[in-house]
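See below for the structure under consideration.
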Amino acid sequence: MKVTVVGAGAVGASCAEYIAMKNFASEVVLVDIKEGYAEGKAMDLMQTASLNGFDTRIVGTTGDYGKTAGSDICVITSGIPRKPGMTREELIGINAGIVKTVSASLIKHSPNTILIVVSYPMDTMTYLVHKTTGLPKSRIIGMGGALDSARFKYRLAEALGAPISDVDGLVIGGHSDTGMVPLTRLATRNSVPVTSFISEERLQQVKEDTKVGGATLTKLLGTSAWYAPGAAVSSLVQAIACDQKKMFPCSTLLEGEYNLNDICIGVPIILGKNGIEKIVKLTLTDAEKEHMQTSAEGVRKTNGLLDV
Ligand SMILES: NC(=O)c1ccc[n+]([C@@H]2O[C@H](COP(=O)([O-])OP(=O)(O)OC[C@H]3O[C@@H](n4cnc5c(N)ncnc54)[C@H](O)[C@@H]3O)[C@@H](O)[C@H]2O)c1
């Protein structure tokens, strides 16, 4: 099992570290454009192997895609953060250029690969990969909902005073503050609806805290988070690599499901060795359906900035 991670920055390196620590891949290739950066991260991570007890070989390369050849799974985290004075349109234009070039280089060397898109704005970048690569939809996965759901469970456990392993919850919709749809109605503590333990008002607070999960961390850290994003990606990679048939909310191309067409947005899917093996169709309430439609409008607006 060979995995490539493009972008050896905060999220990419954290993702490579978690994959190695879980010890299911034979090789992880880290790629970056910054001279020596991926090689350095790979060497540093390899020097944790004897301490952390993993056998995964991590190698780094500055842009040599030949080293990624034959990857079963490729993760795209490359991109640039927004700089002062840069408009959202300019940022999307630059990141779209990066994601387009990177996905083409990956597929050239690994035509059978499954791609996981992480770069900002993720739902739109996932859509771009669909429009530009011609890969089947089952092999293009956007990571957002797995992270948002982990943050939702963290906030639920906090509100319940419960261990996180006791709680379950799901976030669908677009991967943004306004786009996220935390399904509070379905959240449980050991199969018991969480409303049996906390008030509706407290649950609304959990929902709001979840939606600003990323922004809260950016404010504290001065940059966007990396541990939970890296862990979320590694869980998707493991589900595919180990054919786990696990369910995660991920951004996927919808063709009529959830009453949506020609858009990538977060819905529950089953992940296994073939990538997306099934889109799970939930029965939503009218309010949830409306929230999902508003969320989709936001994603479409961003997609409109793409030159495809
Ligand atoms: N989907 C999510 O849930 C989620 C969560 C966190 C971050 N993100 C996004 O993931 C991306 C990475 O975040 P980060 O914190 O790791 O950023 P970072 O700046 O630490 O790392 C990005 C890396 O990409 C590299 N890069 C840029 N262009 C490249 C190219 N053409 N080829 C190869 N490498 C290239 C940079 O040199 C840098 O090392 C950002 O776009 C961020 O917004 C998404």
Side-chain angles (χ1 to χ4, degrees), residues 4-18 29-42 44 60-65 67-68 74-83 86 88 90-106 109 115-129 140-152 171-177 179-180 210-211 213-218 221-237 248-252 264-266 299 302:
T4 286
V5 180
V6 183
V11 176
S14 154
C15 164
E17 181 179 11
Y18 285 119
V29 182
L30 265 176
V31 186
D32 206 282
I33 200 169
K34 231 187 285 173
E35 191 65 44
Y37 196 57
E39 289 88 335
K41 289 272 182 117
D44 193 10
T61 168
T62 306
D64 178 2
Y65 281 85
K67 295 207 168 130
T68 71
C74 294
V75 180
I76 304 178
T77 77
S78 45
I80 61 152
R82 192 151 155 188
K83 296 186 182 129
M86 186 186 274
R88 200 169 125 79
E90 282 169 330
L91 175 72
I92 291 168
I94 294 171
N95 278 355
I98 293 173
V99 170
K100 202 169 152 181
T101 317
V102 165
S103 50
S105 307
L106 289 170
H109 294 275
L115 284 180
I116 299 180
V117 182
V118 183
S119 307
Y120 176 90
M122 182 277 295
D123 293 297
T124 294
M125 293 302 140
T126 308
Y127 182 73
L128 173 75
V129 171
I140 303 173
I141 301 153
M143 194 293 289
L147 170 64
D148 300 334
S149 299
R151 287 178 170 158
F152 185 35
V171 178
I172 59 170
H175 179 59
S176 68
D177 294 12
M180 245 181 259
T210 302
K211 287 167 76 175
T216 304
L217 283 163
T218 302
L221 298 167
T223 178
S224 64
W226 55 90
Y227 292 121
V233 178
S234 76
S235 296
L236 303 190
V237 171
F248 293 96
C250 288
S251 193
T252 183
C264 290
I265 196 165
V299 173
T302 311

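By convention here, the first residue in the shown sequence is residue 1. First listed ligand is number 1; within each ligand, the first listed atom is number 1.
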Item to check | Val118 N/O under 3.5 Å from ligand 1 N/O | outcome: yes

Next on the checklist: Are any of the N/O atoms on Val31, whether in the backbone or the side chain, positioned under 3.5 angstrom from an N/O atom of ligand 1?
Outcome noted: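 Min N/O separation from ligand 1 is not below 3.5 Å for Val31.
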
For the [atom1] atom of [X] and the [atom2] atom of [Y], what is their distance to the nearest 0.5 Å?
X      : Y      : atom1 : atom2 : value
Ser224 : Leu217 : OG    : CG    : 9.0 Å
Asp32  : Thr61  : CG    : OG1   : 10.0 Å
Tyr120 : Thr302 : OH    : OG1   : 7.0 Å
Ile140 : Ser103 : CD1   : OG    : 8.5 Å
Tyr127 : Ser251 : OH    : OG    : 12.0 Å
Leu30  : Thr4   : CG    : OG1   : 9.0 Å

Return the residue, atom name and 0.1 Å-rounded distance of the protein heavy atom closest to [atom].
atom                    : answer
atom 42 (C) of ligand 1 : Tyr120 CB, 4.1 Å
atom 28 (N) of ligand 1 : Ile98 CD1, 3.6 Å
atom 16 (O) of ligand 1 : Val11 N, 2.8 Å
atom 22 (C) of ligand 1 : Gly79 O, 3.7 Å
atom 1 (N) of ligand 1  : Met143 O, 2.8 Å
atom 12 (C) of ligand 1 : Thr77 O, 3.0 Å

Any donor-acceptor pair under 3.5 Å from [X] side chain to [Y] backbone:
X      : Y      : value
Glu35  : Thr62  : no
Asn95  : Pro121 : no
Ser149 : Val171 : yes
Thr77  : Ser119 : no
Thr68  : Leu106 : no

Next on the checklist: I'd like to know if Val6 contacts ligand 1, where contact means a heavy-atom distance under 4.0 Å to any ligand atom.
Outcome noted: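 Contact check Val6 vs ligand 1: positive.
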
Item to check | Where ligand 1 meets Lys34 - atom numbers and elements under 4.0 angstrom, heavy-atom basis | outcome: 37 (O)

Checklist entry - What atoms of ligand 1 come within less than 4.0 Å of a heavy atom belonging to Ser78? => result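 Contacts of ligand 1 toward Ser78, numbered from 1: 24 (O), 26 (N), 29 (C), 33 (C), 34 (N), 35 (C).
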
Checklist entry - Quick one: does atom 37 (O) of ligand 1 have a protein heavy atom under 4.0 Å from it? => result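 For atom 37 (O) of ligand 1 the answer is yes, since some protein heavy atom falls inside 4.0 Å.
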
Checklist entry - Counting heavy atoms not belonging to Lys41, are there more than 12 under 6.0 Å from its NZ? => result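 More than 12 within 6.0 Å, yes.
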
Heavy atoms only: which of [options] is nearest to [atom]?
atom                    : options                : value
atom 5 (C) of ligand 1  : Pro229, Ala225, Gly144 : Pro229
atom 34 (N) of ligand 1 : Ile33, Leu221, Val5    : Ile33
atom 18 (P) of ligand 1 : Ala232, Ala8, Gly9     : Gly9

Ligand 1-proximal atoms of [X], by part, heavy-atom distance under 4.0 Å:
X      : result
Tyr37  : side chain
Asp32  : both
Ala10  : both
His175 : side chain

